[in-house]
Amino acid sequence: MDDKILNWVTLAEKFSIGGDPNSMRTVAREIFDLDKNSAEGLAIMAESSLYLGSLDEAESLAQYALSVDANHLRGRLVSGGVAIKEFRLNDQLKLLAGVINDAHAELKSLRAQLNAHNHRFAFNRRKKTSADDDFQEQLNKKIFITQSLLFKALCWSSNGLYLSGEPARAAAALAEASTLTDNSEQAAELYSKHLFLRNYRDVSAAQTNELARKYNDFFARLKPFAHDKKNLDANKKLHIGYISPDFREHALANFMTPLLTNFDADNFSVTCYSTGRKDAVTAKLKSLNVGWRDLIGKDALAAAKLIDADAVDILVDLSGHSQDSSLPILAYKPAPVQICALGYTATTGLNAVDYFLSDKICLPETSPNAFTEKILRVDPCGFCYAPGLIRDMPEPARNAPVLKNGFMTYGSFNNFAKVTEDVLYLWRAILDSVPRSRLVLKNKLCSLDDGKALVRERLRKMGFQLERVELRPYSPDYLEQYADLDVALDTFPYTGGTTTCEALYMGVPVITLRGKTHGSRLGASILNAADVSELIAQSPMDYVKKAVRLNQRRELTAAYHSRLREHVKNSALMDGQKYIRELEKLYRAAWKDYCRSLLEKNFSSTFQI
């Protein structure tokens, strides 16, 4: 590449990183003045068009660049980006995988050249000439450009890999991407997403703990806020803050109402700290008798300062490592006591988070502890289901479809990323054991033609009779479609949460497998709280047997459909008053422990010799 063009490409890449597509176009024009058919100029213009939403222009320019240089990395990257925007899953996965592989190879070559160049001067006395310095600078610029292209390809591919049911590969892509940016906030966000996706597959307690602890390294230099001069009255009225990006139409909305409506106003005050977008659900929540703070647009430090100024005693994070995590705010320790609850199923790894909310089913006291936090256990479940905030809940069908159809219909409306090979093996075993039975899979992946083809291929390889499996796209009326299922089949090791609650509420029994880790026992915790623990399988074989038995006892299946909603409504799973009273006891105990520890610390420092 010509030195002048290389300089312009380097500048264009800096504009790309800074989110300035218009300046990228200006750079491309400068390159065209040097070479009107430059693949570099064409690809840069194509990338800027992609960011500006001109997909046809982006694809046309990218193809033009590839006609000049068939292997051009940026040209292929842009084509992959267009495929993402056009929901062409297969194309995006193939294109971006090729970019990633070739970028790795190119970086390896460039770094080898740089090492060899530096090696020549490390072991002899020859001084570098200006030509040597220029050559080294060229190599560094090429490494910077290639590494930046690799970074984008990894980030973009992770979404497609996750959607296509390959969360482990998506997590690996994000972990690598987190090492390729100098922006510490961006690196922390990518690593946080990596941790979230790790929950979709089996990870040992020790490895979970080790990986999560690395997240804290991103905030090791932060100075946490001091709270030693605050009111340490153990019995005072406590100010509880709930922080989340999901005070909106989100699965978490099904569990928020007890926190914000049933609390003891004489002993607790509540403020919500919203870091995400607003919608109709937000408006409903804001109308409740709680304080409200919009933190949108504030950086982590500014948000933390506001929470500290509000004198929050206990800050409860409701998102963990899920999308748009609030953990960077908690890293400043804006409240004396900080808890992670509801929105995440594993440890945060953040030293500033003191407690994690769980229960005795998800995390028995004798189980290996993968958590960096102390555990608070709610009896009987860490969740309280309270639907209706997002939409009016439809009435259940109350009639099991098998009574009309003459055959059993099993199904799963879970995210397909949760469907492992082991899950598919058990689902096939159930279909093989129940003649004429059907399986309905409904999820976002099945909304895409490429997605359906991908699912069918996975099922074919697992030996499914494809004519017995129905693939349904996501749709707003998914709750009503539970009327088509006799039995819902849970996933593992990442079990359903909201999906399981919704199925039960719509009168459909759910078979879940009780696993060995916190997240893999969430389904068991929900079914136990709903007082249908007979549906909890203790082994894979038991999972199959329970699903088959409901076909053999169709009168029992019919009874579930006719009575399950009332049963669940009267269970601990939906007892908001009991849940918040248990939670408030834990809040009070955590606050007393904090007061006691701080008083002991102050006493020790006072009498230290």
Side-chain angles (χ1 to χ4, degrees), residues 1-86 91-92 94-114 116-117 129-156 180:
M1 188 188 306
D2 178 86
D3 285 355
K4 290 182 179 179
I5 290 180
L6 177 60
N7 290 337
W8 283 118
V9 174
T10 303
L11 181 59
E13 197 55 50
K14 290 178 179 178
F15 285 137
S16 174
I17 293 171
D20 188 353
N22 288 315
S23 293
M24 291 178 69
R25 299 177 80 84
T26 300
V27 168
R29 294 188 187 99
E30 293 291 341
I31 295 175
F32 291 145
D33 286 343
L34 298 170
D35 179 358
K36 64 180 180 181
N37 291 317
S38 168
E40 298 293 345
L42 291 164
I44 290 169
M45 186 70 80
E47 187 177 347
S48 69
S49 298
L50 173 65
Y51 298 149
L52 292 169
S54 301
L55 299 186
D56 290 342
E57 181 179 82
E59 180 64 9
S60 177
L61 288 167
Q63 292 305 315
Y64 191 179
L66 292 171
S67 71
V68 176
D69 179 356
N71 292 316
H72 197 269
L73 279 180
R74 193 185 304 271
R76 291 152 62 196
L77 176 72
V78 173
S79 288
V82 172
I84 292 173
K85 295 292 186 181
E86 294 180 345
D91 288 344
Q92 74 178 69
K94 182 179 179 180
L95 285 164
L96 294 175
V99 171
I100 291 168
N101 288 336
D102 289 354
H104 278 142
E106 186 168 330
L107 276 175
K108 183 178 180 180
S109 174
L110 289 169
R111 286 167 177 160
Q113 292 179 57
L114 183 60
H117 176 74
T129 65
S130 59
D132 293 324
D133 289 335
D134 289 343
F135 180 69
Q136 182 171 336
E137 184 180 1
Q138 287 177 343
L139 286 175
N140 283 326
K141 288 178 179 178
K142 289 178 180 179
I143 289 173
F144 164 73
I145 293 166
T146 306
Q147 183 170 292
S148 182
L149 294 174
L150 173 60
F151 173 81
K152 284 180 274 194
L154 288 167
C155 291
W156 296 0
L180 298 177

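Bear in mind the structure is a predicted one, so any value in this text is a computation, not a measurement.
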- Would you mind checking if E59 and K85 are paired as a salt bridge, meaning a charged N to carboxylate O distance below 4.0 Å? no

- Any side-chain heavy atom of L110 within less than 4.5 Å of one from L114? no

- What residue among L149, I100, L150 forms side-chain contact (heavy atoms from CB on, under 4.5 Å) with L77? L149

- Note on the structure: Residues S48 and M24: closest non-hydrogen pair is CB-CB, 4.0 Å

- Query: Which heavy atom in A58 sits nearest to a heavy atom in V78, and how many Å separate them?
  - Reply: O-CG1, 3.9 Å

- Message: Quick check: closest heavy atoms across G41 and A28, and the distance to 0.1 Å?
- Response: O-CB, 3.6 Å

- Item | Working for side-chain contact (heavy atoms from CB on, under 4.5 Å), residues K152 and E13 | CA-CA 11 Å; K152 284 180 274 194; E13 197 55 50; 2.7 Å; yes

- Message: Looking only at the side chains, is there a donor atom on one of N7 and T10 sitting less than 3.5 Å from an acceptor on the other?
- Response: no

- Task: Answer whether the closest heavy-atom distance between the side chains of E57 and L52 falls below 4.5 Å.
- Result: no

- Is there a donor-acceptor pair under 3.5 Å between the side chain of D132 and the backbone N or O of T129? yes

- Query: For the atom pair CG (D69) and CZ (R74), what is the distance rounded to the nearest 0.5 Å?
  - Reply: 12.5 Å

- Query: When rounded to the nearest 0.5 angstrom, what is the spacing between CZ in F144 and CG in L139?
  - Reply: 15.0 Å

- Task: With the side chain counted from C-beta on, respond yes when F151 and C155 share a heavy-atom pair under 4.5 Å apart, and no when they do not.
- Result: yes

- Mind checking whether I145 and L6 have side chains closer than 4.5 Å, heavy atoms only? yes

- Examine distances only and state if a side-chain atom of S60 and a backbone atom of D56 form a donor-acceptor pair shorter than 3.5 Å. no

- Message: So, taking the atom named CG in L34 and the one named CD in E40, what distance separates them when rounded to the nearest 0.5 Å?
- Response: 12.0 Å

- Query: Can you list the steps and then say if D35 with D2 is a side-chain contact (heavy atoms from CB on, under 4.5 Å)?
  - Reply: CA-CA 10 Å; D35 179 358; D2 178 86; over 6 Å; no

- Do L96 and I84 come within less than 4.5 Å of each other through their side chains, counting heavy atoms only? yes

- Item | Student check: side-chain heavy atoms of F15 and N22 closer than 4.5 Å | no

- Query: If you measure from OG on S148 to NZ on K14, what distance do you get to the nearest 0.5 Å?
  - Reply: 11.0 Å

- Message: To check you understand the geometry: which heavy-atom pair defines the closest contact between G75 and A62, and what is its length?
- Response: O-CB, 3.6 Å

- Task: Could you check if a side-chain atom of W8 sits within less than 4.5 angstrom of a side-chain atom of D33, using non-hydrogen atoms only?
- Result: no

- Is a side-chain N or O of S79 found less than 3.5 angstrom from the main chain of R76, in a donor-acceptor match? no

- Query: Of the non-hydrogen atoms in S16 and Y51, which two are nearest, and what is the gap between them?
  - Reply: OG-OH, 3.6 Å

- Item | Contact check, side chains of I44 and E47, non-hydrogen atoms, under 4.5 Å | no

- Query: If you round to the nearest 0.5 Å, how far is CZ of R25 from CD of E30?
  - Reply: 14.5 Å

- Message: Using every non-hydrogen atom in the two residues, find where G80 and Q92 come nearest and quote the distance to one decimal.
- Response: O-CB, 3.9 Å

- Item | side-chain contact (heavy atoms from CB on, under 4.5 Å) evaluation trace for L42 with H72 | CA-CA 10 Å; L42 291 164; H72 197 269; over 6 Å; no

- Item | Gap between atom CG of D102 and atom OG1 of T146 - 0.5 Å precision | 11.0 Å

